[in-house]
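Because the structure is predicted, anything quoted here is derived from the model rather than measured. Every number for a ligand or one of its atoms is a count from 1 in the order of the listing.
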Amino acid sequence: AKRAGRGIVRVFDESMDESIRFRRLIESGLSQAIRNGELKLVFQPIVAREKLEVTGFEALLRWHSPEYGMISPGMFIPIAEESNLIHELGDWVIDEAVRVLQTWPGQYVSVNFSPRQFRRSNFVGHIVERVQHRGVSPQRFQIEITETAIFDDAERAADTLYRLRQMGFRIALDDFGTGYSSLYNIRKFALDSLKIDRSFVDGMGKERESAAIVHSIIHLGRALGLEVVAEGVETETQLQALRVAGCSHLQGYYLARPMPEEDALFLAKARYMI
Ligand code: C2E
Ligand code: CA
Ligand code: CA
Ligand code: CA
């Protein structure tokens, strides 16, 4: 029993080493990546229900490592988020989005912010300086945050969002329905948009519960005068069901995959899908 016990401890230790080693690789690789130009933003259109007009683009981060190939943000964002690296990374993303906005016609760019970025001291001043002071209208810069970012300190988050919205920035609540924010809390936050998490859209045609959740989010959004964006639209059936349900905006592979800047600019100028 003792030997087995020691065995388990040893295996556990090794996997710990492994994950720490992986984390270190990502951490050191990532700050290099910023300097070496290995990062890129791709842009996925957000489309209005009726005429499939492209109203905005979500900016999504990509890391092409010459050593390891394509590393998905789901892999490295959580690691960056645990250190101050997220600020360096986040600022790079903001600057890129601002640069792109200076060349695009009228659409907005929606930028993902992690909870740690959102909670940094003087977040508002930071955004104003990096976006507005560079001549980009706040109406064209959307801040995407998740419920996790605002749940911990709802008072302070509400104040931050209020001030940003006063200045004209757009605010979207991402992955809506998966976090902890109660419906009661939602009305305290200054928002423009609710993004229905992909898992509900995916489940819509499969189980009644998901369809019911999608419908209630759409109703809630309408009642509060918000845009509602369905994420992860992958089929014609989902597209039609969401349009019929009155979901105001759509995003997903069925409409378009995240694309490089040049293609997004082309689409931005064309204004409509297809
Ligand atoms: P998210 O914000 O929920 O972004 C949506 C994810 O769903 C993206 O994955 C997108 O490529 C993917 N997606 C879009 N349409 C479809 C679809 O129809 N089907 C499926 N299966 N997936 C679809 P991606 O680009 O791998 O990003 C993963 C997550 O990484 C994002 O989830 C976001 O939380 C985070 N992330 C990405 N870029 C940034 C960034 O610049 N900053 C921060 N803080 N987080 C980022
Ligand atoms: Ca997002
Ligand atoms: Ca999302
Ligand atoms: Ca997500």
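Not a single N, O or S atom of Glu231, from either the backbone or the side chain, sits less than 3.0 Å from the Ca ion (ligand 2). The Ca ion (ligand 2) lies at 3.0 Å or more from every N, O or S atom belonging to Asp175. Under 3.0 Å from the Ca ion (ligand 2) lies an N/O/S atom of Asn112, whether from backbone or side chain.
In summary, the atoms of ligand 1 found under 4.0 Å from a heavy atom of Ser114, numbered by their order in the structure, are 44 (N). Close contacts of ligand 1 with Val233, meaning ligand atoms under 4.0 Å from a residue heavy atom, involve 18 (O). Below 4.0 Å from some heavy atom of Gly232 lie the following atoms of ligand 1, by number and element: 16 (C), 17 (C), 18 (O). In the vicinity of Gly252, heavy-atom distances shorter than 4.0 Å reach the ligand 1 atoms 15 (N), 18 (O). Those atoms of ligand 1 with a heavy atom of Asp175 less than 4.0 angstrom away are 3 (O). Atoms of ligand 1 found under 4.0 Å from any heavy atom of Pro73 (numbered from 1 in listed order, with element): 24 (P), 25 (O), 26 (O), 27 (O), 28 (C), 30 (O), 37 (C). Heavy-atom proximity to Gln44, at under 4.0 Å, picks out these atoms of ligand 1: 14 (C), 15 (N). Using a 4.0 Å cut-off to heavy atoms of Val93, the atoms of ligand 1 that qualify are 41 (O).
Counting non-hydrogen atoms of other residues, nucleotides and ligands closer than 6.0 Å to CD of Glu88 gives a total above 12.
Considering backbone and side-chain N/O of Ala59, none are found under 3.5 Å from N/O of ligand 1. The shortest N or O to N or O distance between Arg62 and ligand 1 is under 3.5 Å. Between Tyr253 and ligand 1, at least one pair of N/O atoms sits closer than 3.5 Å.
Residue-level proximity to ligand 1 for Ile77 is carried by the side chain, the only part with a heavy atom below 4.0 angstrom. The side chain of Asp174, and not its backbone, has at least one atom closer than 4.0 Å to an atom of ligand 1 (non-hydrogen atoms only; side chain from C-beta on). Of the heavy atoms in Pro258, only side-chain atoms (C-beta onward) come closer than 4.0 Å to ligand 1. Neither the backbone nor the side chain of Gln251 comes within 4.0 Å of ligand 1, counting heavy atoms alone.
Between Asp152 and Arg156 no salt bridge is recorded (no basic side-chain N to carboxylate O distance below 4.0 Å). A salt bridge is defined here as a Lys NZ or Arg NE, NH1 or NH2 lying under 4.0 Å from an Asp or Glu carboxylate O, and Asp153 with Arg119 fails to meet this definition. Ion pairing of Glu227 with Arg170 is present here, as a side-chain N (NZ or NE/NH1/NH2) and a carboxylate O approach within less than 4.0 Å. Between Arg116 and Glu82 no salt bridge is recorded (no basic side-chain N to carboxylate O distance below 4.0 Å).
Remark: side-chain polar atoms of Glu96 are not paired, donor with acceptor, to backbone N or O of Trp92 under 3.5 angstrom. The closest donor-acceptor contact from the side chain of Glu147 to the backbone of Gly177 lies under 3.5 Å. Looking at Glu81, its side chain never comes within 3.5 Å of a backbone N or O of Ile86 through a donor-acceptor pair.
With Phe169 as the fixed residue, the side-chain contact (heavy atoms from CB on, under 4.5 Å) test singles out one of Asp192, Leu161, Ile127: Ile127.
Taking 4.0 Å as the cut-off, Glu58 counts as a neighbour of ligand 1 on heavy-atom distance. Contact annotation: Gln117 has at least one heavy atom less than 4.0 Å from an atom of ligand 1.
With respect to the Ca ion (ligand 2), Glu58 has OE2 as its nearest N, O or S atom.
When side chains are defined from C-beta on, Leu89 does not count as touching Gln117, because their heavy atoms never get closer than 4.5 Å. Between Leu41 and Arg62 there is no side-chain heavy-atom pair separated by less than 4.5 Å. Counting only heavy atoms from C-beta outward, the side chains of Phe76 and Trp63 approach each other to under 4.5 Å. Side-chain contact between Leu191 and Arg165 is absent, with no heavy atoms from C-beta onward closer than 4.5 Å.
The Ca ion (ligand 2) forms the vertex of an angle spanning OE1 of Glu144 and OD2 of Asp174; to the nearest 10 degrees it equals 90°.
For atom 5 (C) of ligand 1, the candidate residues are Gln238, Glu234, Glu96, Arg198; the nearest heavy-atom contact is made by Arg198.
Using cut-offs of 30° and 60° for the angle between ring planes, the Phe118 and Phe123 rings count as perpendicular.
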